[in-house]
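Predicted, not measured: the structure shown is a model, and the values here were computed from it. One-based numbering, in listed order, for ligands and for the atoms of each.
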Amino acid sequence: MAEFDLIARIRARAARREDVLLGIGDDAALLQPPAGQALAVSCDVLNEGVHFLASDAPFDIGWKALAVNLSDLAAMGATPAWAVLGLSLPDADAGWLDGFVDGFLTLAGQHDVALVGGDTTRGSRAIAVTVHGFVPAEAALRRDAARPGDDVWVTGTPGEAAAGLAIALGDTAADAIPQPHRQALLARLRRPTPRIAVGRALRGLAHAAIDVSDGLLADLGHVLAASGVGAELRLEALPVPPALATIDAETRWRWQACGGDDYELCFSAPVARRDAVAAALSSCATEGRRIGTIVASPGLRALAPDGRQWHPPRAGYQHFAQEPSPPWPD
Ligand code: ADP
Ligand code: MG
């Protein structure tokens, strides 16, 4: 198979949308954004050996490549619409491509996302996805909008993806996880759920939001820095799913607070809107917890149940990092 056979294989399966005036096949796609809305655009690159392993199922790689991008749109409160897919592949392996496209388009179908173009080249395996969505500009959930006194919320059960990674890597810390839970944790790592509906439901309710890709403390730290505020986070407020109930607190907090790849939403919202936030979450059938408070003084303090400050080994994953750079004060 040559480049154009690969592209034809992808094109044959890409879904259509009315606002795609011209999709895959020309020099550029022609797209019609809705009047009065801002275009939200985000791109993520996934490299073999860093974001996925050569041994990972192609379906899961395709799913995750789109999921991490949709998660960014969710964190803006945007409704996804279009995706562009850049593929660098070592060989024209139709089986691998079909599995990859299966995973990518299965998730795309769940969110009515049309694949409208891309590029296909030979090289070491890498994937670059750009997604486009719509959001009224004034309702977008930005990182710089947290205010002192806001509640800090998180959706779902952060830490499960890190536990899944520990299982995948054969880390002895994961030995205590009972067998019946192990597959579900691996699935959380490999097929994350972008919180699109939640992001939309939080428009006009949440002040600031971010998706948890690198770790809860690290990502919340970005919100705090952008907003010029600080936060106190209560570790005991983090949900403990049954799968993590047998894990010692220190390891569990490390996974929950510093583990990446959860793709949950962390957001701040006014105390006066607590009930409305809870109602928005339940309308999306998504769990959410209040885990802390935004404060005026900069820095992020994670508090153990005894009230003492907990110092994690590192806040989250950083490419090119020489050494950990914690966002919390001493
Ligand atoms: P060009 O030479 O103008 O870059 P290409 O031959 O690379 O065009 O691509 C032909 C068409 O196929 C374009 O519309 C492009 O967007 C689309 N395309 C190429 N690779 C992919 C891909 N991996 N996924 C989706 N569409 C693709
Ligand atoms: Mg090209």
- What's the verdict on salt bridge (Lys or Arg N to Asp or Glu O under 4.0 Å) for R122 and D91, showing C-alpha distance, side-chain angles and the deciding distance? CA-CA 7 Å; R122 173 175 253 166; D91 45 40; over 6 Å; no

- Item | V84 and ligand 1 - part of the residue with a heavy-atom distance under 4.0 Å | neither

- With heavy atoms under 4.0 Å as the rule, classify the contact between I10 and ligand 1 as side chain, backbone, both or neither. side chain

- Task: Determine yes or no for a side-chain-to-main-chain donor-acceptor pair under 3.5 angstrom, with R17 supplying the side chain and A114 the backbone.
- Result: no

- Task: Verify, without hydrogens or angle tests, whether D150 (side chain) and A146 (backbone) share a donor-acceptor contact under 3.5 angstrom.
- Result: no

Proximal atoms of ligand 1 relative to [X] (non-hydrogen, under 4.0 Å):
X: D119; answer: 7 (O), 19 (C), 20 (N), 21 (C), 22 (C), 23 (N)
X: D27; answer: 3 (O)
X: F4; answer: 6 (O)

- Message: Please check whether L87 reaches ligand 1 - meaning an N/O of the residue sits under 3.5 Å from an N/O of the ligand, judged on distance alone.
- Response: no

- So, is G25 polar-close to ligand 1, with some N/O to N/O distance under 3.5 Å? yes

- Message: How about CD on Q183, more than 12 heavy atoms from neighbouring residues, nucleotides or ligands closer than 6.0 Å, or not?
- Response: no

- Under 6.0 Å between ring centres, would you say that holds for W82 and F134? yes

- Query: Do the rings of W253 and W310 sit parallel, tilted or perpendicular, given the 30° and 60° boundaries?
  - Reply: perpendicular

- Select the closest option to atom 21 (C) of ligand 1 among A8, G118, S88, judged by heavy-atom distance. G118

